[in-house]
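Single-structure report; data block below.
Order of appearance sets the numbers: ligands from 1, and atoms from 1 within every ligand. None of these values were measured; they are calculated from a predicted model. The analysis underlying the following values was restricted to heavy atoms, covering all of them including side chains, and did not include hydrogens, waters or symmetry mates.
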Amino acid sequence: MSQNAMEANATETEPQVGSSQDDDVMVEVRDLRTYYEGEGLFGGTPVKAVDGVSFDIKRGETLGLVGESGCGKSTLGRTLIQLESATGGEIRFDGTDITTLSGADLKKWRRNAQMVFQDPDSSLNDRMTIGEIVREPLDVHDWKTPRERRQHVKELLDTVGLQREHYYRYPHQFSGGQRQRIGIARTLTLEPEFIVLDEPVSALDVSVQAEVINLLEDLQEEFGLTYLFIAHDLSVVRHICDRVAVMYLGNIMEIGPTEELFANPANPYTHSLLSAIPEPDPSAHKDRITLHGTPPSPRFPPDGCPFSTRCPARIRPPEYENLDNDLWVQLDTLREVLRERDRAEKSVTDRIRELLGKEPRFGTIEEIYGELFDEHDVPADVQEILDETADLARDEGEIAALDRLGEEFGSVCEGYDPDTGGENEDTDDPVAPEYYTVSPTGRRSFCHRHDPSAEYAEPDQVLDERH
Ligand code: SF4
């Protein structure tokens, strides 16, 4: 997230991201980053799994976290309960920044925050009885006497809909749904206040999913639990979550009350994600938005908006506003191909072919341009830029061609300052969107199109026109 965005989040006159100031906030996350250091081929370039997110979780609520696989949602969940170390930023639980805890303080705090995993088997040791598995956290924390521990575990088995006799059985004797109940019982042993549910029903049959979801809702009511519910099944999220955060490439693109966000998405990425789910009301059906390309590597996120390389509502320079949409997609694809080509390691064979003065099997620039544009009706002014950039790519390399394409077709979405035509002059940083409040409930969206000072068309209007 840009410094601007962080400052916008931190200002006292603005409500914090996705909540209001008078809420009973349990968890405050500010500019949280979790990076994995680079190894091997790419040297020191870190993978930015979580790249500067800020949000609050209110006591007793269920916050959903959705997004495509690889967007960083599981890493974010694991970082919140310190199974992963944060690279930067803060996670405050009831005012205490837990990223600074260690040793006995961290162990003591861990009792308050637990995790339920997608695959219950990963936490169930087949050589231990159910009683031993569920009791293990109590043993680790030396909780009361062994007799009281056994009693507590049997009560927990009752609570999650299993039987006390199951105490002496082994995991392989249970179905998938029952094993997830065992995992949930184990999570509850230390009476946590906050639980990260990481795809807790994804591995279960549909018929069993509802049972486990109902159990989680009952437990929340009985014990006043606060949940972060990570899922890719949006219908489950819609059913169980009070609010939803939509994640893309390590960033939160939109966050707000569930029903409102599902009924009237604000961010272009939320639009595209929701357009993929079947609409129960046929009269409200919207066309599916097909995203071109693949998500960029979190090792090399784009400048500006993280969604800018695929966004169907990306802001265009005014002179290309009416350019044919298919041609625009091809221009985007060209830029993606050049980016990847610049990063790709050429094979030894390609290098030898180059040394011998032969074309590498990498595909020539002419081939790439031909494949992308031969079947399109390219206006003369665009063709001129294509010819110029093909020469640049061949003579000076992909970066020179990319820079020229960015100058011509780039916009504020990709970090270009619309006033100067280049990057932000004051900071030298690419311009990133800010969070804009898009409804009276405090729902927020990370997109330039909501900037009231810029007079951009709203995302839904642009998406309707371009699809
Ligand atoms: S800032 Fe908004 S319009 Fe621009 S690329 Fe990002 S999501 Fe799309």
Side-chain angles (χ1 to χ4, degrees), residues 1-6 8-9 17-18 48 51-53 66-68 71-72 244-256 261 264-276 289-296 298 300-318 320-323 325 328-329 331-333 335-336 339 405-406 408-419 421 423-424 429-439 443-467:
M1 185 194 306
S2 71
Q3 191 62 28
N4 285 348
M6 284 168 51
N9 291 337
V17 180
K48 296 175 176 173
D51 198 15
V53 301
V66 299
E68 293 164 290
C71 70
V244 184
V246 179
M247 218 173 157
Y248 183 81
L249 205 63
N251 289 259
I252 289 179
M253 303 302 291
E254 182 168 357
I255 181 168
L261 184 143
N264 182 24
N267 193 278
Y269 181 63
T270 317
H271 272 280
S272 63
L273 201 64
L274 298 190
S275 80
I289 299 170
T290 308
L291 296 183
H292 63 87
T294 51
F300 303 108
D303 286 343
C305 172
F307 191 40
S308 60
T309 57
R310 302 173 79 205
C311 178
R314 180 156 63 88
I315 295 162
R316 300 179 185 178
Y320 296 114
E321 193 56 50
N322 297 319
L323 192 72
N325 205 46
W328 186 259
V329 169
L331 289 167
D332 275 348
T333 308
R335 295 167 77 187
E336 191 179 341
R339 256 181 240 117
L405 287 164
E408 190 63 27
F409 302 116
S411 74
V412 65
C413 292
E414 297 150 292
Y416 286 88
D417 186 324
D419 296 328
E423 293 182 343
N424 187 320
D429 290 335
V431 183
E434 295 180 6
Y435 282 105
Y436 292 98
T437 303
V438 293
S439 87
R443 183 154 58 101
R444 297 197 140 202
S445 171
F446 190 57
C447 176
H448 288 297
R449 284 202 175 274
H450 308 303
D451 182 351
S453 66
E455 297 185 357
Y456 297 125
E458 282 294 319
D460 48 358
Q461 185 186 336
V462 181
L463 291 168
D464 279 348
E465 283 168 12
R466 293 186 187 172
H467 277 81

At their closest point, which heavy atom of His450 faces which heavy atom of Ser445, and how far apart are they?
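Answer, listing the atom of His450 first, then Ser445: NE2-OG, 2.8 Å.
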Is the shortest side-chain N to carboxylate O distance from Arg316 to Glu465 below 4.0 Å?
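Judged by the 4.0 Å cut-off on N to carboxylate O distance, Arg316 and Glu465 do not form a salt bridge.
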Geometric class of the Phe307/Tyr248 ring pair [parallel <30°, tilted 30-60°, perpendicular >60°]
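Plane angle over 60°, so perpendicular.
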Could I get the full list of ring-ring contact (aromatic ring centres under 6.0 Å, His included) partners for Tyr320, not counting sequence neighbours?
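Counting only residues at least two positions away or on another chain, Tyr320 forms a ring-ring contact (aromatic ring centres under 6.0 Å, His included) with Phe409.
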What protein N, O or S atoms come within a distance below 2.8 Å of atom 2 (Fe) of ligand 1, ordered by chain and number?
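Within the sphere that stays under 2.8 Å of atom 2 (Fe) of ligand 1, the protein atoms of type N, O or S are Cys447 SG.
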For Thr309, what residues pass the side-chain contact (heavy atoms from CB on, under 4.5 Å) criterion, not counting sequence neighbours?
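With sequence neighbours excluded, Thr309 shows a side-chain contact (heavy atoms from CB on, under 4.5 Å) to Pro296, Pro302, Arg339, given in chain and number order.
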Under the rule for side chain to side chain donor-acceptor pair (under 3.5 Å), what residues qualify as partners of His448, not counting sequence neighbours?
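Partners of His448 by the side chain to side chain donor-acceptor pair (under 3.5 Å) criterion come out as none, since no residue qualifies.
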